[in-house]
Amino acid sequence: MTSILNQDFFESFDTLTLAQKLLGKELIHESTEGITSGIIVETEAYLNNDKACHSFGGKTLRNSPMFGPAGTSYVYQIYGIHHCFNIVSSKSGIGEAVLIRALEPASGIDLMQSRRQKVKLKDLCSGPGKLVQAMDILKNQNGNKLFNPPLYLKEGIEVGAIIETTRIGIGEGKDEHLPYRFYIKDNKFISKP
DNA sequence: GTAGGGATAATCT
DNA sequence: GATTATCCCTACG
């Protein structure tokens, strides 16, 4: 019995529940440069009946990992410059996922800072594009399973109160009011209060 | 301290 | 050709 989260964990909850369960877990990347890790402090859920979800309106080449089994990673590029990292949830063929929006840096902080050039600790992973850069999650992780190195999750800290609120960056008329964003109350490493 | 808008390219219609 | 699950720099008080 290790503390690495296995497929059972990801399959045991629906997407909204999983988004909350992931708070406090530790995301670890063993790269050739060294190990970096952080505690997940902010997530967003994307459901298949939700207009803001990439899988809404059918499967395409880009979103095909979302239709894979729970625990698959889904990495995509947004706004031409940034990447976002998601964990696929639900059963195969459904097309739901949890976006990881922010981490609290835990291990390999020096390495993360050198990748991101002189940023304060608080700003190192406080956003989807930032944490991907700090952790050096590349697009070649797209479609990988998160049960084994180099990229995996394990049990983290106990979380206190969880705040439930609306998601960020969703356009009007796309279910932007849905309370599908979750973060740890009073944590200083979230992207936005 | 906060607010606003430009950068930039893969993906889809 | 439009759109996008963002970041960062600049301007202003």
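Letters go in sequence order (proteins before strands), and every chain restarts at 1.
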Nucleotide [N], atom [atom2] - distance to [atom1] of [X] in whole Å:
X: A:Ile170; N: C:dT3; atom1: CD1; atom2: P; value: 16 Å
X: A:Ile168; N: C:dT4; atom1: CD1; atom2: C1'; value: 16 Å
X: A:Leu131; N: C:dA5; atom1: CG; atom2: C1'; value: 12 Å
X: A:Phe56; N: C:dT3; atom1: CZ; atom2: P; value: 17 Å
X: A:Leu99; N: C:dA5; atom1: CG; atom2: P; value: 10 Å
X: A:Asn48; N: C:dA5; atom1: CG; atom2: P; value: 17 Å
X: A:Tyr46; N: C:dT4; atom1: OH; atom2: C1'; value: 11 Å

Set out, line by line, the N/O atom pairs under 3.5 Å between protein and nucleotides 9-13 of chain B.
| residue | atom | partner | partner atom | Å |
| --- | --- | --- | --- | --- |
| B:dA9 | N3 | A:Gly80 | N | 3.4 |
| B:dT11 | OP1 | A:Lys139 | NZ | 3.3 |
| B:dC12 | OP1 | A:Thr60 | OG1 | 2.4 |
| B:dC12 | OP1 | A:Leu61 | N | 3.4 |
| B:dC12 | OP1 | A:Arg62 | N | 3.2 |

Give me the distances for all protein-to-nucleotides 8-10 of chain C N/O pairs that come in under 3.5 Å?
| residue | atom | partner | partner atom | Å |
| --- | --- | --- | --- | --- |
| C:dC8 | OP1 | A:Arg116 | NH1 | 3.3 |

**Shortest non-hydrogen contact between A:Leu111 and A:Thr36, atoms and distance** = CD2-CG2, 3.8 Å

**Complete:** When every non-hydrogen atom of A:Ala134 is compared with those of A:Leu124, the smallest separation belongs to CB-O, 3.8 Å

**Message:** Is it the case that the side chains of A:Glu42 and A:Ser191 hold a donor-acceptor pair, with the cut-off being a distance below 3.5 Å and no angle test?
**Reply:** yes

**Asked** Under 3.5 Å, is there a donor-acceptor pair between the A:Glu30 and A:Tyr152 side chains?
**Response** yes

**Message:** With a 4.0 Å cut-off on N to O distance, would you call A:Lys25 and A:Glu155 a salt bridge?
**Reply:** yes

**Message:** I'd like to know if A:Arg115 pairs up with A:Glu33 as an ion pair, taking the criterion as any Lys NZ or Arg NE/NH1/NH2 lying under 4.0 Å from an Asp or Glu carboxylate oxygen.
**Reply:** yes

**Request:** State plainly whether one hydrophobic cluster holds both A:Phe56 and A:Tyr46, where clusters connect Ile, Leu, Val, Met, Phe, Trp and Tyr through side-chain heavy atoms under 4.5 angstrom apart.
**Result:** no

**Asked** When hydrophobic residues are tied together by side-chain contacts of less than 4.5 Å, even through go-betweens, does A:Met66 share a cluster with A:Phe13?
**Response** no

**Prompt:** OP1 or OP2 of C:dT4 sitting under 4.0 Å from any side-chain N/O of A:Lys174?
**Reply:** yes

**Request:** State whether A:Arg181 places a side-chain N or O below 4.0 Å from either non-bridging phosphate oxygen (OP1 or OP2) of C:dA5.
**Result:** no

**Message:** Is it the case that over 12 heavy atoms from other parts of the model lie below 6.0 angstrom from the NZ atom of A:Lys130?
**Reply:** yes

**Item:** Helical stems, DNA chain C - three or more consecutive Watson-Crick or G-U wobble pairs below 3.5 Å
**Value:** B:1-7 with C:6-12, B:9-12 with C:1-4

